[in-house]
**Q** 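Here you go, one structure.
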Amino acid sequence: QVQQVETGGGSVQAGGSLRLSCAVPGYIDSNVCIGWFRQAPGKEREGVASIETGSIYYADSVKDRFTISKDNAKNILYLQMNSLKPEDSAMYYCASPVREAELLPCAVITPNPRRFNYWGQGTQVTVSS
């Protein structure tokens with residue numbers, strides 16, 4: 001078993017691609033909203049993308065460039081990031097809702113990162129011009 005929850009980050013030039021992976025804890029129900037969040041120095045944490053049964057949510061800033069997916073059999077959450085921009089540079093985390101928010105849809109809670117529990121220490125993404 002891997003020790004890191006989030007993997008796949010790195011340093012790339014603008015326009016490049018990265019694929020992040022997250023080892024989803026076994027106790028997370030497959031129907032619950034799980035997602036990717038990021039935080040850059042001096043900025044608030046923001047919801048990037050999330051997925052649940054029946055819907056997917058993307059922040060406007062990453063729509064059409066990022067793709068979130070999950071492998072339920074392997075309990076892995078992915079974030080494919082294409083056409084990366086310097087403003088995408090941040091620490092990326094995966095997370096699931098706090099107990100009181102578990103019944104709420106991704107579109108409602110993902111814009112509010114404080115409603116999520118963060119499983120790991122994140123993976124750094126750095127995009128240079």
Side-chain angles (χ1 to χ4, degrees):
Q1 294 183 340
V2 298
Q3 294 183 339
Q4 299 293 326
V5 175
E6 301 101 337
T7 59
S11 182
V12 299
Q13 296 186 52
S17 298
L18 286 172
R19 191 184 196 190
L20 308 184
S21 299
C22 171
V24 181
Y27 60 82
I28 302 298
D29 190 284
S30 63
N31 295 320
V32 170
C33 175
I34 53 175
W36 289 95
F37 298 77
R38 67 187 182 188
Q39 187 167 24
K43 296 184 179 180
E44 297 291 326
R45 185 168 297 185
E46 63 175 334
V48 176
S50 56
I51 185 169
E52 63 189 339
T53 300
S55 69
I56 292 176
Y57 169 89
Y58 293 104
D60 288 341
S61 60
V62 307
K63 193 172 298 182
D64 299 324
R65 297 189 298 119
F66 291 9
T67 302
I68 187 171
S69 62
K70 61 178 179 179
D71 186 329
N72 288 321
K74 297 181 179 180
N75 288 326
I76 299 176
L77 180 70
Y78 299 102
L79 185 66
Q80 178 67 47
M81 306 186 296
N82 297 326
S83 302
L84 283 162
K85 304 175 180 179
E87 52 262 45
D88 294 318
S89 297
M91 186 73 74
Y92 283 71
Y93 306 86
C94 52
S96 63
V98 297
R99 187 178 300 275
E100 60 266 30
E102 287 179 345
L103 299 179
L104 300 177
C106 282
V108 172
I109 57 176
T110 306
N112 301 283
R114 290 182 176 84
R115 291 184 177 269
F116 286 78
N117 289 322
Y118 298 87
W119 310 320
Q121 296 184 345
T123 184
Q124 180 67 46
V125 172
T126 302
V127 184
S128 60
S129 300

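Residue numbers start at 1 and run along the sequence shown.
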**Q** What I'd like to find out is whether the side chain of V127 reaches to under 4.5 Å of the side chain of V12, using heavy atoms alone.
**A**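 When only atoms from C-beta onward are counted, V12 and V127 do touch, with a gap below 4.5 Å.
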**Q** Work out which heavy atom in S129 is nearest to a heavy atom in P86; give both atom names and the distance.
**A**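 Result for this residue pair: OG-CG, 3.5 Å.
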**Q** Using modelled atom types only, decide if a donor and an acceptor are shared between the side chain of K70 and the backbone of S30 within a distance under 3.5 Å.
**A** yes
**Q** Y57, W36: one ILVMFWY side-chain cluster at the under-4.5 Å cut-off?
**A** no
**Q** For a quick test of reading the model, state the closest non-hydrogen atom pair linking V125 to M81 and the distance between them.
**A** CG2-CE, 3.8 Å
**Q** Where the side chain of D71 meets the backbone of K74, is there a donor-acceptor pair that is under 3.5 Å apart?
**A** yes
**Q** Would you compute the distance between atom CD1 of I34 and atom OG1 of T110 and round it to the nearest 0.5 angstrom?
**A** 10.5 Å
**Q** Around atom CZ of R45, are there more than 12 heavy atoms of other residues, nucleotides or ligands at under 6.0 Å?
**A**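 Yes.
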**Q** With clusters defined by side-chain heavy atoms of hydrophobic residues (ILVMFWY) lying less than 4.5 Å apart, directly or transitively, does V48 cluster with I56?
**A**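 Yes, I56 connects to V48 through the hydrophobic network.
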**Q** About how many Å separate CG of L84 and CZ of F66, when rounded to the nearest 0.5 Å?
**A**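 Answer for the CZ-CG pair, F66 versus L84, is 5.0 Å.
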**Q** Are I28 and L79 connected in the hydrophobic side-chain network, where two residues link if heavy atoms are under 4.5 Å apart?
**A** yes
**Q** Strictly distance-based, threshold 3.5 Å: is any side-chain N or O of E52 a donor or acceptor partner for the main-chain N or O of C33?
**A**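 Not confirmed, E52 side chain does not pair with C33 backbone.
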**Q** Might you point out which heavy atoms bring E46 and P113 nearest each other, and give the distance in Å?
**A**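 That closest heavy-atom pairing would be CA-CG, 3.9 Å.
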**Q** If you take all heavy atoms of N117 and P97, which pair is closest and at what distance?
**A** ND2-O, 4.0 Å
**Q** Please say whether more than 12 non-hydrogen atoms of neighbouring residues, nucleotides or ligands are located less than 6.0 Å from CD in Q124.
**A**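 Counting neighbours around CD of Q124, more than 12 heavy atoms of other residues, nucleotides or ligands fall under 6.0 Å, so yes.
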**Q** Do E87 and K43 sit within salt-bridge range, that is, some charged N less than 4.0 Å from a carboxylate O?
**A**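 No, this pair does not count.
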**Q** Any side-chain donor paired with an acceptor under 3.5 Å for S17 and N82?
**A**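 Per modelled atom types, S17 and N82 side chains form a pair under 3.5 Å.
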**Q** If the test is ring pair (Phe, Tyr, Trp, His ring centres under 6.0 Å), which one of Y93, F116, Y92 qualifies with F37?
**A** F116
**Q** Do K63 and D60 meet the salt-bridge criterion of a basic N to acidic O distance under 4.0 Å?
**A** yes
**Q** Keeping the roles fixed (side chain from R115, backbone from P111), state whether a donor-acceptor pair exists under 3.5 Å.
**A** no
**Q** Check whether T123 reaches the backbone of G9 with its side chain - one donor and one acceptor, N or O, closer than 3.5 Å.
**A**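 Yes, because the side chain of T123 sits within donor-acceptor range (under 3.5 Å) of the backbone of G9.
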**Q** So, do Y58 and T67 sit near enough that their side-chain heavy atoms are less than 4.5 Å apart?
**A** yes
**Q** Count the heavy atoms belonging to other residues, nucleotides or ligands that lie under 6.0 Å from CG of D64, then report whether that count exceeds 12.
**A** no
**Q** Would you say I109 ends up clustered with V24 if hydrophobic residues are merged whenever their side chains have heavy atoms under 4.5 Å apart, either directly or through other cluster members?
**A**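 Different clusters.
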**Q** Do I76 and Y27 sit in one hydrophobic cluster, given that two such residues count as connected whenever their side-chain heavy atoms are within less than 4.5 Å of each other, even indirectly?
**A** no
